[in-house]
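Reviewing the structure listed below.
Lettering of chains follows the sequences in order, A, B, ..., and the numbering in each one begins at 1. Just the heavy atoms: all of them, side chains too, but no hydrogens, waters or symmetry mates, feed the values below.
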Amino acid sequence: MSSMTSAGSFSLVGSSMLDSRTTEGSSSRALVKPEEVKRRGWDWRKGLARDAKGEDVLRILRLGLAKDIARHWIMDEAS
Amino acid sequence: MDLLISLSLVQSVAYPPISALDPNLHSLVFTPESSIIQLDSIDPTAAEMLHTHLTGYATLREYYDLRDEEVNLEPGQKPRLRPIARKNAAATALLAIINSAADSIHGGLYDEDRGSIVQVDGLLALLGEAMVFVDRMSYLD
């Protein structure tokens, strides 16, 4: 995530608040690391490698969306 | 508000949790009308800004709360919506936030004057959240 929003709005990425040593026990700097303590309905970070990058997220999304759209086309054809 | 949105996104949870919401923030999130109407009589521009930012934050909380509704239930309580309807509602909320966050890079170029409810920095985290909704053979898993 870049800090493009320099024009008057707050960007967490460049700030010191994201420092893991000062926050109360929440997860580390790596934005794809899952949080052990919280219970979530589902966690998008599960199923990603530890060193997964933004490009990987986008690749998964693009592929998934392409498949979903293709599936709907096929189903529309069939009906 | 940007800070609360960012913290919620980084932790992938509605932050702060409902139990930790102070009364002012609680009423701002869940019953914003009175505060905004009050502010509107003093400063309409500020009221409008507050309204749009609140909407984004409230929608993001709604997304996480819908996702976590089942795990956060007390024993004996039932969720308001059935699983599929809940997933659909969560997807709808998430999509609204994604569209808003992406508004400032509409067309591929960054335009910082297009004010949006959620800053574009959070877009990647939002897209990560969206991954669970794509490429599913059925919506039951």
Check your understanding: Under the ring pair (Phe, Tyr, Trp, His ring centres under 6.0 Å) rule, what pairs show up with a residue in residues 19-56 of chain B, not counting sequence neighbours?
Key -> B/His26-B/Phe30
Revision key, fill the gap. Residue pairs passing the salt bridge (charged side-chain N to carboxylate O under 4.0 Å, His left out) test with at least one member in residues 58-67 of chain B, sequence neighbours excluded, are B/Arg67-B/Glu129
Review point. Between atom NZ of A/Lys46 and atom CE of B/Met131, what is the distance when rounded to the nearest 0.5 Å?
Key: 13.0 Å
**Study point:** B/Asp68 side-chain N/O to A/Gly41 backbone N/O, donor-acceptor pair under 3.5 Å
**Key:** yes
Review point. In terms of hydrophobic clustering (I, L, V, M, F, W, Y; side-chain heavy atoms under 4.5 Å; direct or indirect links), are B/Ile97 and B/Leu3 co-clustered?
Key: yes
Exercise for review: Following the transitive rule for hydrophobic clusters with a side-chain heavy-atom cut-off under 4.5 Å over Ile, Leu, Val, Met, Phe, Trp and Tyr, establish whether B/Ile18 and B/Leu60 coincide in one cluster.
Suggested key: yes
Practice item. State yes or no: are the ring centers of A/Trp44 and B/Phe133 separated by less than 6.0 Å? Key: no
Revision key, fill the gap. Closest heavy-atom pair, B/Ser12 versus A/Arg40, reported as atoms and distance to 0.1 Å, is O-NE, 2.8 Å
Check your understanding: Which region of B/Leu66, side chain (C-beta onward) or backbone (N, CA, C, O), has a non-hydrogen atom less than 4.5 Å from a non-hydrogen atom of chain A, or is it both or neither?
Key -> neither
Practice item. Report the option among A/Asp56, A/Leu63, A/Ile60, A/Leu58 that has the most heavy-atom pairs separated by less than 4.5 Å from atoms of chain B. Key: A/Ile60
Practice item. Kindly say whether B/Asp135 contributes a backbone atom to a donor-acceptor pair with the side chain of A/Asp68 at under 3.5 angstrom? Key: yes
Review point. Can you hop from B/Leu126 to B/Leu95 via hydrophobic side chains spaced under 4.5 Å?
Key: no
Review point. With hydrophobic residues grouped by side-chain heavy-atom distances under 4.5 Å, do B/Leu81 and B/Tyr63 end up in a single group?
Key: no
